[in-house]
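Take a look at the structure set out below.
Numbering of ligands and ligand atoms starts at 1, following listing order. Not measured: the values here are computed from a predicted model.
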Amino acid sequence: MSRTQEILHAPHEQIEEIQLEGIKKTVIACYENVPFYKRSFDEAGFDPYALSSLEDLRRAPFVTKQDLRDNYPYKMFATPLSKVKEIHMSSGTTGVATVGGYTEHDLETWGECFARGIIYANGSEKDIVHVCYGYGLFTGGLGAHYGGLWMDSTVIPMSAGNTERQIRVLKEMGSTIICCTPSYAMHIADTAIEMGLDPARDFHLRAGIHGAEPFSDNFRRDLERKLNYHVLDVYGLTETMGPGVAIECWEQQGLHLAEDHFYAEIIDPNTGEVLPDGEWGELVLTSVDREASPVVRYRTRDITRIIPGTCPCGRTHRRIDRIHGRTDDMLIIRGVNVFPSQIEDVMKTFPQVSSWYQIEIDTDQRSLDLVTLKAEVNPDFDFDSVAAIERLQQEISARLKTALSVGVRVRLVEPKTIARSEGKAKRIVDLRRGIK
Ligand code: ADP
Ligand code: ZN
């Protein structure tokens with residue numbers, strides 16, 4: 001614990017030393033044990049034995065999700081399987097799953113990284129950590145679980161689902177920190193309200209460590225109001241570990257990267273060129289000390305930026321901004337790039353609509369993309385008044401046009417018509433023929 005506190009406040013030069021020493025070993029381990037890396041380093045003319053600065057890493061080739069898929073299931077492992085204690089797989093949101101292996105050391109690191117979220121929430125062994133990310137191959141459940149254990153907190157391993165039971169436990173067992181996707185937290189809050197409870201008063205939550213999917217600031221404020229707690233955004237991905245790669249501190253001004261375990265670069269997704277701090281681009285991650293499945297310059301496809309300057313909390317680890325979305329989720333509507341979370345941010349400025357929405361993409365007769373925002377109204381909205389519905393639809397559409405310069409049709413739907421999710425919410429429905 002004190003070592004973690006120390007490292008979170010270490011001078012940045014010291015963190016860079018740790019990164020360089022770790023990455024020197026990682027690139028050699030990859031080269032010597034993973035045929036894929038040997039081939040790709042050789043092809044790119046990258047000599048892992050000659051790496052002498054963090055900038056040198058820029059000469060290493062990127063690794064993509066497709067590379068990991070091509071080497072399914074174990075071919076990216078840098079240690080013998082006998083040393084691998086646990087295996088996880090990505091949820092496959094965008095296609096075939098990828099596999100991550102963890103040695104004992106990797107599991108320890110994972111717990112320690114997620115525990116930083118509990119530290120950022122001013123937590124301790126006194127906290128009751130309610131984990132309702134799904135347990136199993138998905139990294140959410142066990143990642144949060146190991147974080148809770150690492151902190152010596154009391155962990156309630158609920159997993160996702162059985163929402164009424166979650167609510168009973170939250171109320172009766174006095175959980176103080178909840179870990180799940182933001183959309184599932186919203187579903188729990190809404191269900192509790194429907195059951196006649198006031199979760200702001202009846203639950204005992206202080207903080208929620210929510211992630212695994214993008215959510216807007218307005219969504220966050222809505223959650224914080226309903227549950228009377230503080231929401232911290234946690235980022236991670238199976239390919240590099242799971243949740244805990246970066247977590248927001250109490251200041252909510254960006255997510256501190258666990259820089260002693262991950263080296264981050266931001267690149268221009270089109271040219272691969274490394275961008276300066278402050279500029280938005282694709283996050284690329286390199287493992288500093290992962291043993292079983294290290295990655296060297298993994299292209300996450302997640303869009304963010306390094307926030308320049310230091311955080312008011314005083315910790316020295318650099319921060320990434322909240323993830324806008326994935327490059328694959330980015331919609332290009334008549335030439336304008338838009339992420340669903342930006343649409344959500346505009347939509348949430350209307351108090352009449354709830355947090356539940358879906359974006360449908362279809363094509364019109366001229367084969368141009370047609371984007372429809374399907375949004376649920378709140379229960380107190382008069383859904384019988386056709387005029388009121390049409391007026392609101394037009395207003396939302398007009399505001400989207402002004403804010404994002406995109407033409408989006410808006411279709412309001414009745415409460416509870418959009419499917420609820422216990423894990424990641426399905427925000428985009430692609431109806432274009434031939435595209436799944
Ligand atoms: P899959 O790629 O199959 O969904 P994972 O379960 O490993 O697999 O999910 C990792 C991805 O989830 C990340 O690459 C990112 O796109 C998304 N994600 C994770 N945490 C966050 C977050 N806090 N904000 C936005 N997106 C997130
Ligand atoms: Zn901070």
Side-chain angles (χ1 to χ4, degrees), residues 5 8-9 64-66 68-69 88-100 110 113-114 116-117 119-122 133-134 136-144 160 179-183 185 208-217 219-220 230-259 262 264 282-285 293 295 298-304 307 309-330 339-342 344 421 423-428:
Q5 289 290 13
L8 291 176
H9 291 89
T64 65
K65 192 158 184 139
Q66 191 55 44
L68 303 190
R69 285 178 179 150
H88 283 269
M89 285 195 209
S90 71
S91 32
T93 311
T94 58
V96 183
T98 51
V99 182
W110 194 10
C113 283
F114 194 95
R116 294 177 189 195
I119 294 174
Y120 297 158
N122 308 316
Y133 282 115
L137 284 174
F138 176 51
T139 50
L142 281 162
C179 306
C180 60
T181 59
S183 51
I209 304 178
H210 299 312
E213 61 184 1
F215 56 114
S216 68
D217 283 334
F219 193 97
R220 182 215 295 266
H230 208 70
V231 170
L232 305 183
D233 188 349
V234 55
Y235 169 76
L237 63 168
T238 315
E239 293 83 1
T240 66
M241 182 177 79
V245 171
I247 314 182
E248 250 178 353
C249 68
W250 201 258
E251 304 288 337
Q252 298 179 328
Q253 293 182 32
L255 293 77
H256 288 283
L257 282 157
E259 286 200 286
F262 304 95
E282 179 179 347
L283 177 67
V284 170
L285 292 169
S293 37
V295 287
Y298 178 68
R299 289 188 63 156
T300 64
R301 307 198 281 189
D302 293 320
I303 301 294
T304 181
I307 301 178
T310 46
C311 184
C313 79
R315 297 186 185 94
T316 48
H317 292 230
R318 294 190 302 164
R319 292 160 298 155
I320 52 169
D321 214 318
R322 301 187 69 212
I323 310 285
H324 263 179
R326 315 182 191 223
T327 47
D328 357 38
D329 279 350
M330 190 175 75
F339 283 101
S341 57
Q342 292 174 288
E344 178 185 323
S421 156
K424 301 189 189 218
K426 187 167 171 55
R427 299 294 195 196
I428 299 181

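- In this structure, Y120 contributes its side chain and L255 its backbone to no donor-acceptor pair below 3.5 Å.
- Protein N/O/S atoms found under 2.8 Å from the Zn ion (ligand 2), listed by chain and residue number: C249 SG, H256 NE2, C311 SG, C313 SG.
- Using bins of under 30°, 30° to 60° and over 60° for the plane-to-plane angle, the ring pair F339/H324 lands in the tilted bin.
- Listed by number with element, the atoms of ligand 1 under 4.0 Å from a non-hydrogen atom of F138 are 6 (O).
- By the 4.0 Å heavy-atom criterion, K424 is counted among the residues contacting ligand 1.
- Using the six-membered ring where Trp is involved, W250 and H230 have ring planes that are parallel, under 30° apart on the 30 and 60° scheme.
- Remark: distances from the non-hydrogen atoms of F215 to ligand 1 are all 4.0 Å or more.
- Side-chain N/O atoms of T327 and E282 include no donor and acceptor closer than 3.5 Å.
- Applying the side chain to side chain donor-acceptor pair (under 3.5 Å) test to E251 and every residue at least two apart in sequence or in another chain returns nothing.
- No N or O atom of L255 sits closer than 3.5 Å to an N or O atom of ligand 1.
- With R319 contributing its side chain and Q253 its backbone, the two residues share a donor-acceptor pair below 3.5 Å.
- No donor-acceptor pair closer than 3.5 Å links the side chain of E213 to the backbone N or O of T181.
- Taking the charged nitrogens against the carboxylate oxygens, R301 and E239 have no contact shorter than 4.0 Å, which rules out a salt bridge.
- Summarising the contacts of atom 10 (C) of ligand 1 with A212, A246, G236, G100, the nearest heavy atom is found in G236.
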Just do the side chain to side chain contact (heavy atoms under 4.5 Å, CB included) check on W110 and H88 with the steps written out, would you?
-> CA-CA 12 Å; W110 194 10; H88 283 269; 3.8 Å; yes

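- Contacts of L237 with ligand 1, taken as heavy-atom pairs under 4.0 Å, involve both backbone and side chain.
- Not close to ligand 1: T139, with no non-hydrogen atom less than 4.0 angstrom away.
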Given Y235 and T300, is the side chain to side chain contact (heavy atoms under 4.5 Å, CB included) satisfied, shown in steps?
-> CA-CA 11 Å; Y235 169 76; T300 64; 3.7 Å; yes

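- In this structure, H256 contributes its side chain and H317 its backbone to a donor-acceptor pair below 3.5 Å.
- Not one N or O of E239 is nearer than 3.5 Å to an N or O of ligand 1, by distance alone.
- Interface of G211 with ligand 1, defined as ligand atoms under 4.0 Å from a residue heavy atom, comprises 23 (N).
- For R322 and F215, the positive end sits near the middle of the six-membered ring, less than 6.0 Å away and at most 45° from its axis.
- Of the heavy atoms in T238, both backbone and side-chain atoms come closer than 4.0 Å to ligand 1.
- In summary, the atoms of ligand 1 found under 4.0 Å from a heavy atom of K65, numbered by their order in the structure, are 2 (O).
- Inclusion of H210 in the set of residues having an N or O under 3.5 Å from an N or O of ligand 1 is not warranted.
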